[in-house]
Structures are given as C-alpha cells and as structure tokens.
Number of protein chains: 2
Amino acid sequence: MARTLDPARHAARRRHIQDSAAALFAEHGYDRTTTAQICRAAGISPGNLYHYFASKKQVFVAVLTDDDAETADLLEHLLRSDRPLEALTEFVDHLAAPAAAHPAVPKLVLEALLQAHRDPEIAVVLEEADAAERDGMAALVRRAVDAGEARADLDPADTAAWLSTLVGAVYLDGALQEDGDTSVRLGQLRHTVRAYLTA
Amino acid sequence: MARTLDPARHAARRRHIQDSAAALFAEHGYDRTTTAQICRAAGISPGNLYHYFASKKQVFVAVLTDDDAETADLLEHLLRSDRPLEALTEFVDHLAAPAAAHPAVPKLVLEALLQAHRDPEIAVVLEEADAAERDGMAALVRRAVDAGEARADLDPADTAAWLSTLVGAVYLDGALQEDGDTSVRLGQLRHTVRAYLTA
DNA sequence: GTCTATACGGAGATAGAC
DNA sequence: GTCTATCTCCGTATAGAC
C-alpha cells in the first residue's frame with residue numbers, strides 16, 4: 001500500500017469502492033463478480049483497486065465487517081431491561097430488520113454464509129459476529145425464563161440457536177423474493193417467536 | 001451426443017457422474033467446482049463428461065431435478081387425509097427431513113437457491129418445484145382452517161409462504177452447522193409450526 | 001466411447017509510465 | 001495516485017487419435 005497524502009480522502013475513496021462492490025457481490029455473488037466490474041462501478045481504472053485493498057477477498061471482508069459494533073451496543077442496553085421478553089423480541093427484530101430494509105442485504109448475507117464454509121478467513125469474520133449474537137440471545141432467554149415470562153423448559157443455548165435460525169429464515173426469504181414485501185415476514189417472525197417462547 | 005449402444009449402461013454412468021458432481025457442488029459450490037474435479041471424482045478423463053452432459057450447468061440441473069416426483073405423490077395422498085392439521089405437519093416434516101439426512105443436502109439446496117437468481121434456467125427449475133409445494137401447503141392450510149383445526153385468521157397463501165420459509169430455515173441451519181445435530185431442529189420446527197397455526 | 005492434448009477466453013494481479 | 005498495458009494462470013469445452 002502506497003503512502004497516502006490525504007488519509008481522509010483515501011478512506012472515503014476506499015469506502016466508495018467498498019459500497020460499489022457490495023452491490024455487485026449481492027447481485028452476482030462473490031465468485032462471479034470480477035475486479036474489473038468493481039473498478040468500473042466505482043469509476044476507477046482496472047487495477048487501481050489494489051491501491052486500496054490487497055485482494056478481491058479483502059474487499060469482501062470489508063463489506064461484511066461493516067456494521068459489527070452497533071449490534072453490540074444495543075445488546076448491552078437490552079440486557080439491562082427489566083422486561084426481558086420484550087427485550088428479546090426487540091433484539092430479534094433488530095437482527096431481522098436489515099433483511100427487509102433493502103433487497104440487496106439478504107442476498108449479500110446469504111452469499112457470505114455460503115462463502116464462509118469454503119474460506120476460513122470469511123468463516124472467522126462471520127463466526128465472531130454470530131457468537132456475540134447467540135450469546136446475547138441466550139442471556140436474554142435465560143432472563144426471560146427466570147422472570148417467568150417464557151416457558152421454563154427452554155434451554156437458553158438451544159433456544160438462542162433456534163431464534164437465530166428463525167432470523168436467518170427471514171434473510172433466506174428476502175433473498176428469494178424478487179419483489180420486496182419482506183416486511184410481512186417481520187410480523188410473522190414476531191408472532192412466531194412469541195408463540196414459541198410462551199406456548 | 002454420440003449414439004449409445006447400451007442405453008442402460010449410458011444412463012448408469014450418467015447417474016454416477018451426477019452423484020459425484022452433487023457432492024462436489026455441495027462442498028465447494030457451483031462456481032468453484034471445476035469440470036476437471038467432477039471428472040476426477042467420477043473416475044473418467046477430463047472432457048469425457050461432455051459425452052454425457054452438454055455443459056457443466058446441465059450437470060447441475062440434473063442434480064437439482066433429481067427427486068421432483070415423489071413429493072407430488074405424498075402431497076396428493078395428504079390432501080385426502082381427514083385430519084388436515086396432522087397432514088400439514090407431516091408434509092412440513094417431509095420437506096424438512098432431507099436437510100437432516102445428510103450434511104451435504106442443505107448446502108446443495110442453498111447453493112442452488114443462490115444460483116437461481118443469477119441464472120434463469122436454474123430459477124425455472126426451482127420455481128416449478130417450489131410452486132407445487134406452496135400450492136399444496138396452501139390447500140392443506142385451507143383445509144385445516146375449514147376443519148377448525150387452525151386459526152381462522154390465517155391467509156392460506158401467506159401462511160404457506162411462511163411455512164415454506166420456516167422449512168428453509170432448517171436447511172439454512174443445516175448448511176451452517178458443521179456438525180450434524182440438525183435433527184433437534186426438526187422437533188423445534190414441528191413445535192414452532194403447531195404453535196403458529198393454533199396459538 | 002474413452003482417451004490425451006490443446007484451443008480459447010477470461011480473471012486476478014502486477015509493471016511501469018505519467 | 002492513477003492510468004494503460006500486460007503477464008500468468010486456470011477453467012470450459014473441443015479436436016482428433018485410438
């Protein structure tokens with residue numbers, strides 16, 4: 001990486017490339033997205049990308065690690081709630097919401113999941129985020145059970161895994177629907193989660 | 001395609017290549033599986049594959065359309081059941097079961113789903129199977145509602161779509177878990193479906 | 001029908017002028 | 001820092017001997 005005279009400009013340009021690449025990865029998948037396409041979409045010459053990223057894969061990693069921190073903040077806040085069941089529902093909502101926000105998001109996420117079990121580096125990136133989410137959910141489940149707001153026979157870890165899977169289902173749905181009425185799924189998810197935790 | 005002297009042998013060999021390819025597609029994905037790998041796995045020389053399939057993509061299509069008919073048979077049978085809710089549960093079970101049968105199955109299915117919205121030919125193949133499943137489920141939901149075994153406020157089509165998504169969740173889970181305790185998910189799915197339909 | 005050898009194109013990454 | 005040009009490898013598919 002060459003010395004950069006204006007770090008802010010460098011970062012902005014890097015971010016611009018990253019965003020351009022994200023859309024392409026979502027649309028065509030990682031393997032079928034070429035560096036030439038990324039450069040064209042970002043409005044730079046082919047090859048210039050390598051002044052900002054060491055490889056095509058690093059571009060993908062940058063896209064995936066984009067918003068890791070904010071979920072942790074919310075979780076920390078919700079763990080202090082005195083209404084654990086509601087907090088859990090809100091957390092699930094928060095995790096599922098991006099799937100409905102933009103059609104490209106669920107496609108990108110699924111693409112990442114599939115790449116993960118072929119590429120260890122990507123697997124590590126995703127597992128870190130996933131482990132944090134599941135641990136947080138398990139803690140929220142435990143609190144809900146202890147407060148008598150959820151079934152007593154729920155195993156926190158198993159339940160967290162299942163809730164995580166249900167959230168994944170919404171992403172899956174979003175990736176498959178060409179039109180974008182995925183917001184319906186959010187309501188169904190909420191109802192499903194409530195019913196499973198209490199029925 | 002050259003004339004074949006022994007059609008039965010030809011079909012068997014074609015099937016052998018198809019099975020070898022399925023395992024590779026599941027493990028490495030479609031794009032990263034090379035025709036050379038398929039030939040090596042099938043024990044034939046590179047290039048000989050093209051005596052059995054017109055292209056790499058046709059191999060993939062053959063893998064995906066492998067077991068289309070049997071689900072239709074079961075569905076037809078279940079639509080005549082006089083216990084609609086149980087029939088619906090059994091159909092969902094049937095759809096989800098393969099995900100737990102072998103670790104490669106869910107990976108292969110997800111791979112297909114992602115390829116589908118990049119390749120129209122694959123999209124058509126999957127949509128045909130999917131439409132049949134959803135229509136069947138919607139009919140089963142309607143019968144369950146009419147029989148008073150399920151909530152009256154359920155919209156058959158929306159509910160079928162959601163159940164289909166929940167089944168997808170099990171595949172998603174199976175594709176992500178490296179170890180194979182996916183059978184737990186089948187029980188959770190059953191409980192989830194019951195609770196959603198009746199609670 | 002099956003093999004070996006290879007044509008052909010495309011993709012990631014680099015070289016070096018400006 | 002950005003460009004153009006290109007190197008190099010690899011994958012699909014084909015040609016043609018046996």
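Treat the numbers as computed from the prediction; the structure is a model and nothing was measured. Letters A, B, ... are given to chains in the order of the sequence lines, protein chains preceding strands, and every chain is numbered from 1.
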Query raised in the report: Do the rings of A:Y52 and A:H10 sit parallel, tilted or perpendicular, given the 30° and 60° boundaries?
Result: parallel
Report summary line: Of D:dC3, C:dG12, D:dT4, the nucleotide closest to the side chain of A:I44 is D:dC3
Query raised in the report: In whole angstroms, how far is the P atom of D:dG1 from the CG atom of A:L49?
Result: 15 Å
Query raised in the report: D:dT12, C:dG1, D:dG1: which one has an atom nearest the side-chain heavy atoms of B:Y52?
Result: C:dG1
Report task. Let me know which of A:R143, A:R142, A:R134, A:M137 forms a side chain to side chain contact (heavy atoms under 4.5 Å, CB included) with A:P156. Result -> A:R142
**Report entry** Residue whose nearest DNA chain C nucleotide is more 5′ - A:G47 or A:R32
**Finding:** A:R32
Requested in this report: Check whether any side-chain N or O of A:H51 sits under 4.0 Å from OP1 or OP2 of D:dT2, and answer yes or no.
Outcome: no
Requested in this report: Measure the spacing between CG of B:L140 and CG of B:L88 and express it to the nearest 0.5 Å.
Outcome: 5.5 Å
Requested in this report: Determine the interplanar angle of the B:F25 and B:F60 rings, folded into 0 to 90°, and report it as parallel if under 30°, tilted if 30 to 60°, perpendicular if over 60°.
Outcome: perpendicular
Query - d(NZ, B:K56; C1', C:dG10) in whole Å - result: 14 Å
**Report entry** Rounded distance in Å - CG (B:N48) to C1' (D:dG16)
**Finding:** 14 Å
**Report entry** Nearest-nucleotide pick for A:T34, side chain only, options being C:dA11, C:dG1, C:dA13
**Finding:** C:dA11
Query raised in the report: Can you tell me how far P of C:dT2 sits from CG of B:D6, to the nearest Å?
Result: 11 Å
**Report entry** Distance, rounded to the nearest Å, where B:R14 contributes CZ and C:dT2 contributes P
**Finding:** 14 Å
Query raised in the report: Between C:dG12 atom P and A:Q37 atom CD, what is the distance in whole Å?
Result: 9 Å
Query raised in the report: Taking OP1 and OP2 of C:dT2, is either one under 4.0 Å from a side-chain nitrogen or oxygen of B:R13?
Result: yes
Requested in this report: Could you check how far CZ of A:R40 sits from P of D:dC3, rounded to whole Å?
Outcome: 14 Å
Query raised in the report: Hey, is the side chain of A:Y50 poking within less than 4.0 Å of OP1 or OP2 on D:dG1, counting only N and O atoms?
Result: no
Requested in this report: Starting at atom CG of A:D31, determine the distance to atom P of D:dT12, rounded to an integer number of angstrom.
Outcome: 12 Å
**Report entry** A:T89: partners by side chain to side chain donor-acceptor pair (under 3.5 Å), with sequence neighbours left out
**Finding:** A:R194
Query raised in the report: Between C:dT2, C:dA13, D:dC3, which nucleotide gets closest to the side-chain atoms of A:S45?
Result: D:dC3
